[in-house]
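All remarks here apply to the structure that follows.
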Amino acid sequence: MNTLRIRRTALAVATAAVLPLALAACSEESEDSAAGPAAAAPVTADEPFGPACAGVPAEGAGSFDGMAKDPVATAASNNPALSTLVAAVKQAGLVDTLNNAKGITVFAPTNAAFAKIPKADLDKVLADKATLTKILTHHVVAQQLTPGQLENGSFETLEKGRVTTAGSGDAYRLDNTSNVVCGNVRTANATVYIVDTVLLPK
């Protein structure tokens, strides 16, 4: 009888000890479940997104906060991954054009994007200001585009051609050839989508 009473007492103590932990775990799971849909929600208008965003410095002129303070050509010059683009923009004499524009979108090819072009061809383009200007202005749209607008879009560029866009969430593709690797980056006068392939006018 005493043994049975001891067992019942021990069971009651164990239940009293475990129950709060179980309830706490359930509470945490409920909170996680509630937070789940929010975490999976579409990118908001103010959030940069994409795998290459992890390479952006956390602070300084090249950070997201730093870039937001400068006009787009200046902001790009502070990002080491865009040094080839910046050199091309300078070569074409477009620094002031881009910095003084209002409310534009720039699809900015990375150094790796330019590296996909054979060196002889790239050198030839860089030496031809008219061709270089045409290619670079094909990467600029005269309005600030949100990620939502890229889901199924077609936009006229400053070069007077068109760029088509498709995708959702944090995955977007341009002209079915170029992927956004870090998008929705704000500068003082533009929204930048960093891309992995140079867009060529048709």
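Note that the CG atom of L98 and the CD1 atom of I104 stand 5.5 Å from one another [nearest 0.5 Å]. One finds the NE2 atom of H138 at 7.5 Å from the CG atom of L200 (value rounded to the nearest 0.5 Å).
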Test side-chain contact (heavy atoms from CB on, under 4.5 Å) on T191 and L145; report intermediate values, then the result.
CA-CA 7 Å; T191 300; L145 302 175; over 6 Å; no
Would you please test F107 and Y172 for ring-ring contact (aromatic ring centres under 6.0 Å, His included) and show each step?
CA-CA 12 Å; F107 298 113; Y172 295 92; over 10 Å; no
Evaluate the criterion side-chain contact (heavy atoms from CB on, under 4.5 Å) for residue pair Y193 and V185; output intermediate values, then yes/no.
CA-CA 6 Å; Y193 292 89; V185 178; over 6 Å; no
Using side-chain contact (heavy atoms from CB on, under 4.5 Å), reason through D65 and E59 one step at a time and then give a plain yes or no.
CA-CA 7 Å; D65 287 342; E59 56 187 28; over 6 Å; no
Between L174 and L150, is a side-chain contact (heavy atoms from CB on, under 4.5 Å) present by the stated rule, with each step listed?
CA-CA 9 Å; L174 283 62; L150 300 185; 5.5 Å; no
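Checking side-chain atoms of N78 against main-chain N and O of M67 turns up no donor-acceptor pair under 3.5 Å. The main-chain N or O of A81 is found under 3.5 Å from a side-chain atom of N79 such that the two form a donor-acceptor pair. With hydrogens and angles disregarded, a donor-acceptor distance shorter than 3.5 Å links the side chain of N100 to the backbone of D96. No side-chain donor-acceptor contact under 3.5 Å links N179 to the backbone of R173.
For the side chain to side chain contact (heavy atoms under 4.5 Å, CB included) test with E159, the passing option among T133, T137, I135, V140 is T137; the others fail. Checking each of N111, I117, T110 against T84 for a side chain to side chain contact (heavy atoms under 4.5 Å, CB included) leaves exactly one that passes, namely N111. A side chain to side chain contact (heavy atoms under 4.5 Å, CB included) with S178 is found for exactly one of D196, T165, V163, namely D196.
Tracing side-chain contacts under 4.5 Å through hydrophobic residues (I, L, V, M, F, W, Y), one reaches I194 starting from V72; they form part of the same cluster. A continuous path of Ile, Leu, Val, Met, Phe, Trp and Tyr side chains, each step under 4.5 Å between heavy atoms, connects V141 with V195, placing both in one hydrophobic cluster. A continuous path of hydrophobic side-chain contacts links V89 to L82 [ILVMFWY only; heavy atoms under 4.5 Å]. With hydrophobic clusters built from ILVMFWY side chains whose heavy atoms lie under 4.5 angstrom apart, V86 does not share a cluster with V192. In the hydrophobic clustering of this structure, L199 does not group with F114; members are Ile, Leu, Val, Met, Phe, Trp, Tyr whose side-chain heavy atoms approach within less than 4.5 Å, directly or through other members.
Taking all atoms of both residues into account, the shortest heavy-atom contact from L136 to A92 is CD1-CB, 3.9 Å. The nearest pair of heavy atoms linking P71 to A188 is N-CB, 3.8 Å. Here the closest heavy-atom approach between residue S63 and residue V56 is recorded as CA-CG1, 3.9 Å.
Using a 4.5 Å cut-off on side-chain heavy atoms (C-beta onward), T157 and R162 make no contact. Residues D70 and N99 fail the side-chain proximity criterion, which asks for heavy atoms closer than 4.5 Å. Contact check for V198 versus H139: side-chain heavy atoms found under the 4.5 Å cut-off. With contacts defined as side-chain heavy-atom distances shorter than 4.5 Å, the pair T105/Q149 does not qualify.
With salt bridges taken as basic N to acidic carboxylate O contacts below 4.0 Å, one links K119 and D123.
Taking T197 as the reference, K116 meet the side-chain hydrogen bond (donor to acceptor under 3.5 Å, both in side chains) condition, with sequence neighbours excluded.
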